[in-house]
*Asks:* 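Below: one structure in structure tokens.
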Number of protein chains: 2
Amino acid sequence: MQELLRSHIEKIVPLTDKEFELVISHFTVADFKRNHFIFEQGEKVKHAYYIISGLLKLTYVDDSAKEHIVSFAMEDWWESDFYAYFTQTKAAMSLKCLEETTVFCLSLNDYQNLCRDMPKMESFFLQKAHLGFIGSQQRILSLLTTNARERYEQLLQQYPALLQRVSKTQLAAYLGVSRETLSRLHD
Amino acid sequence: MQELLRSHIEKIVPLTDKEFELVISHFTVADFKRNHFIFEQGEKVKHAYYIISGLLKLTYVDDSAKEHIVSFAMEDWWESDFYAYFTQTKAAMSLKCLEETTVFCLSLNDYQNLCRDMPKMESFFLQKAHLGFIGSQQRILSLLTTNARERYEQLLQQYPALLQRVSKTQLAAYLGVSRETLSRLHD
DNA sequence: CTGAAATAGTGATTAATGTCACTGGTCAAT
DNA sequence: ATTGACCAGTGACATTAATCACTATTTCAG
């Protein structure tokens with residue numbers, strides 16, 4: 001299981017056995033059942049999570065109790081409410097398991113120590129942050145330029161496996177349309 | 001003018017005079033007139049830009065020739081098509097001056113050398129990348145959860161100065177609504 | 001096995017927004 | 001001063017998507 005994290009990191013920076021030992025010592029493992037909230041809106045965000053297996057959704061529930069999905073996160077992804085994590089403030093979003101999920105947990109302290117003691121890891125996180133930023137910007141572009149149907153088709157093309165794993169209702173909450181509209185897109 | 005960049009960096013990491021000299025040696029200065037394209041869709045993206053003064057827009061023109069604004073960038077901001085910049089591929093977006101603008105330019109090579117030679121600067125860029133990612137995610141949330149009017153009000157609250165500097169047409173292209181709809185929001 | 005909850009589809013209606021067409025105003029270059 | 005480009009507003013209408021209501025299936029915990 002640790003090997004998953006190792007090869008994930010080594011896609012960007014090579015590590016000796018010794019170095020990886022140091023890295024892994026900063027993480028803890030956790031396992032969550034389906035439908036479990038890792039954290040909820042208003043709670044403190046203790047960790048950033050690297051997902052070993054399973055599927056999470058990062059959601060925001062608005063005033064009228066409607067749920068919006070900011071992102072899905074699956075195997076080999078990092079997820080958290082990063083604003084709340086880095087600023088140590090209350091979560092604006094919730095992180096919930098759509099499947100039973102196993103993660104590596106990294107507290108902010110451990111993150112900072114790791115960066116301080118291992119410049120390599122700081123490079124790694126920098127790369128990850130860039131990729132996250134770029135991905136978000138593409139999502140913005142998609143929301144600005146395309147309608148419900150096109151976004152749905154883009155999503156299916158990019159993550160065909162997702163359709164097997166989450167309900168249409170969830171997909172609609174991610175795409176920013178009502179589930180009824182999504183249901184009518186075949187016409 | 002260099003002092004602007006210096007204090008910008010020092011908000012996150014302190015620098016000695018010597019260190020700042022090294023930093024600044026990686027940048028060049030450029031000045032662009034209103035309406036000048038720093039780069040256009042399909043071109044190579046040579047630099048990331050730190051804005052000293054002026055105002056830029058990062059835009060995408062779709063198949064039906066409609067312009068969408070991914071972001072405005074003003075004094076004290078970084079901007080580029082970061083995907084194209086980091087991967088050294090053709091720009092998917094254009095970067096255009098809405099006002100006469102002065103920038104510090106950083107090539108990818110200089111960026112990489114700077115990170116390699118000065119871990120402090122890597123920390124700095126990591127922070128910046130996190131903030132960029134968080135900002136984008138909040139924009140996504142805004143697009144998912146709010147209608148045209150609410151987005152407009154959010155924008156005015158966050159950047160009241162922007163209304164003085166860009167046309168309503170531009171704001172509409174940023175908010176993701178037609179300029180006519182934006183124009184009717186007073187009702 | 002069984003009943004409650006979640007899910008998907010669809011018709012009818014309403015609300016929000018886009019599109020097209022036109023007006024008048026401002027500004028800058030000739 | 002005149003012209004052309006850009007800009008903001010608005011009426012009329014079309015289109016898209018949201019909402020509400022209902023049905024039928026599927027899933028899953030007890």
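No hydrogens, no waters, no symmetry mates; every other heavy atom, side chains included, goes into these values.
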*Asks:* A:N35 has an atom CG; how far is it from atom P of C:dA4, in whole Å?
*Replies:*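 Taking atom P of C:dA4 as the reference, CG of A:N35 is at 20 Å.
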
*Asks:* Any side-chain N or O of B:K66 under 4.0 Å from OP1/OP2 of C:dG18?
*Replies:*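 No, no such contact exists.
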
*Asks:* Show your reasoning for whether side chain to side chain donor-acceptor pair (under 3.5 Å) applies to A:S107 and A:N109.
*Replies:* CA-CA 5 Å; A:S107 73; A:N109 255 328; 5.7 Å; no

*Asks:* Show your working on side-chain contact (heavy atoms from CB on, under 4.5 Å) between B:K96 and B:T59 and close with a plain yes or no.
*Replies:* CA-CA 8 Å; B:K96 188 174 184 180; B:T59 68; 5.7 Å; no

*Asks:* Measuring from B:I134:CD1 to A:F86:CZ, what's the distance to the nearest 0.5 Å?
*Replies:*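 Answer for the CD1-CZ pair, B:I134 versus A:F86, is 6.5 Å.
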
*Asks:* Quick one: sort the B:H8 and B:W78 rings into parallel, tilted or perpendicular, breaks at 30° and 60°.
*Replies:*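 The arrangement is tilted - the two ring planes meet at 30° to 60°.
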
*Asks:* Salt bridge or not for A:D81 and A:K90, using N-O below 4.0 Å?
*Replies:*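 No.
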
*Asks:* Output yes when at least one side-chain N/O atom of A:K168 is less than 4.0 Å from OP1 or OP2 of C:dG9, else no.
*Replies:*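 It does, given that an N or O in the side chain of A:K168 lies less than 4.0 Å from OP1 or OP2 of C:dG9.
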
*Asks:* Rounded to whole angstrom units, what separation is found between the NZ atom of B:K33 and the C1' atom of C:dA29?
*Replies:*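 Atom-to-atom, B:K33 to C:dA29, this comes out as 15 Å.
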
*Asks:* Which whole-number value in Å describes the distance from A:Q164 CD to C:dT7 P?
*Replies:*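 It is 16 Å, rounded to the nearest whole Å.
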
*Asks:* In B/S/- notation, 5' to 3', how is nucleotides 24-30 of chain D contacted by protein heavy atoms closer than 4.0 Å?
*Replies:* -------

*Asks:* So, does A:E79 use its side chain to make a donor-acceptor pair with the main chain of A:L56 at under 3.5 Å?
*Replies:*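 Not a single qualifying donor-acceptor pair exists.
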
*Asks:* Checking contacts here: which listed nucleotide (C:dC20, D:dC20, D:dA17) is nearest the side-chain heavy atoms of A:E180?
*Replies:*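 For the A:E180 side chain, the nearest candidate turns out to be D:dC20.
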
*Asks:* Quick check for you: among C:dA12, C:dT17, D:dA12, whose closest atom lies nearest to any side-chain atom of B:R184?
*Replies:*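 Output: D:dA12.
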
*Asks:* So which one's nearest nucleotide on DNA chain D is more toward 5', B:L182 or A:N147?
*Replies:*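 Its nearest nucleotide being more 5', the pick is B:L182.
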
*Asks:* Can you tell me the distance, in whole Å, between the CG atom of A:L144 and the P atom of C:dG18?
*Replies:*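 Between P of C:dG18 and CG of A:L144: 11 Å.
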
*Asks:* Identify whether the distance between the nearest side-chain nitrogen and carboxylate oxygen of A:E75 and A:R165 falls below 4.0 Å.
*Replies:*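 A:R165 and A:E75: salt-bridged.
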
*Asks:* If you draw the axis of the six-membered ring of B:Y111, does the NZ or CZ of B:R116 fall within 45° of it and under 6.0 Å from the ring centre?
*Replies:*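 Ring-cation test returns no.
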
*Asks:* Please state whether the phosphate of C:dG18, meaning OP1 or OP2, lies under 4.0 angstrom from any side-chain nitrogen or oxygen of B:T181.
*Replies:*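 True: B:T181 side-chain N/O within range (under 4.0 Å) of C:dG18 OP1/OP2.
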
*Asks:* Grab the CZ-P distance between B:R149 and C:dT17 for me, whole Å please.
*Replies:*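 The answer, rounded to whole Å, is 9 Å.
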
*Asks:* Compute the bend angle of the helix from C:dC1-D:dG30 to C:dT30-D:dA1 from the end axes (five pairs per end), rounded to 10°.
*Replies:*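 Here the helix ends are tilted 50° relative to one another.
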
*Asks:* What residues in residues 169-179 of chain B put a non-hydrogen atom under 4.0 Å from any atom of DNA chain D?
*Replies:*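 Those residues are B:T169, B:R179.
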
*Asks:* Hey, are B:D17 and B:R6 close enough for a salt bridge, meaning a charged N less than 4.0 Å from a carboxylate O?
*Replies:*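 Yes, this pair counts.
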
*Asks:* Check the distance between D:dA17's P and A:Y152's OH and give it to me in whole angstrom.
*Replies:*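 My rounded result for the distance is 15 Å.
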
*Asks:* Check the pair B:N113 / B:H26 against side chain to side chain donor-acceptor pair (under 3.5 Å), numbers first and verdict last.
*Replies:* CA-CA 9 Å; B:N113 292 339; B:H26 290 76; 5.4 Å; no

*Asks:* I need the A:L106 CG to A:Y50 OH distance, nearest 0.5 Å.
*Replies:*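 So the gap between those two atoms works out to 13.0 Å.
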
*Asks:* First locate atom CD of B:Q127, then atom CD1 of B:I9, and finally report the distance between them rounded to the nearest 0.5 Å.
*Replies:*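 Output value for this atom pair is 13.0 Å.
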
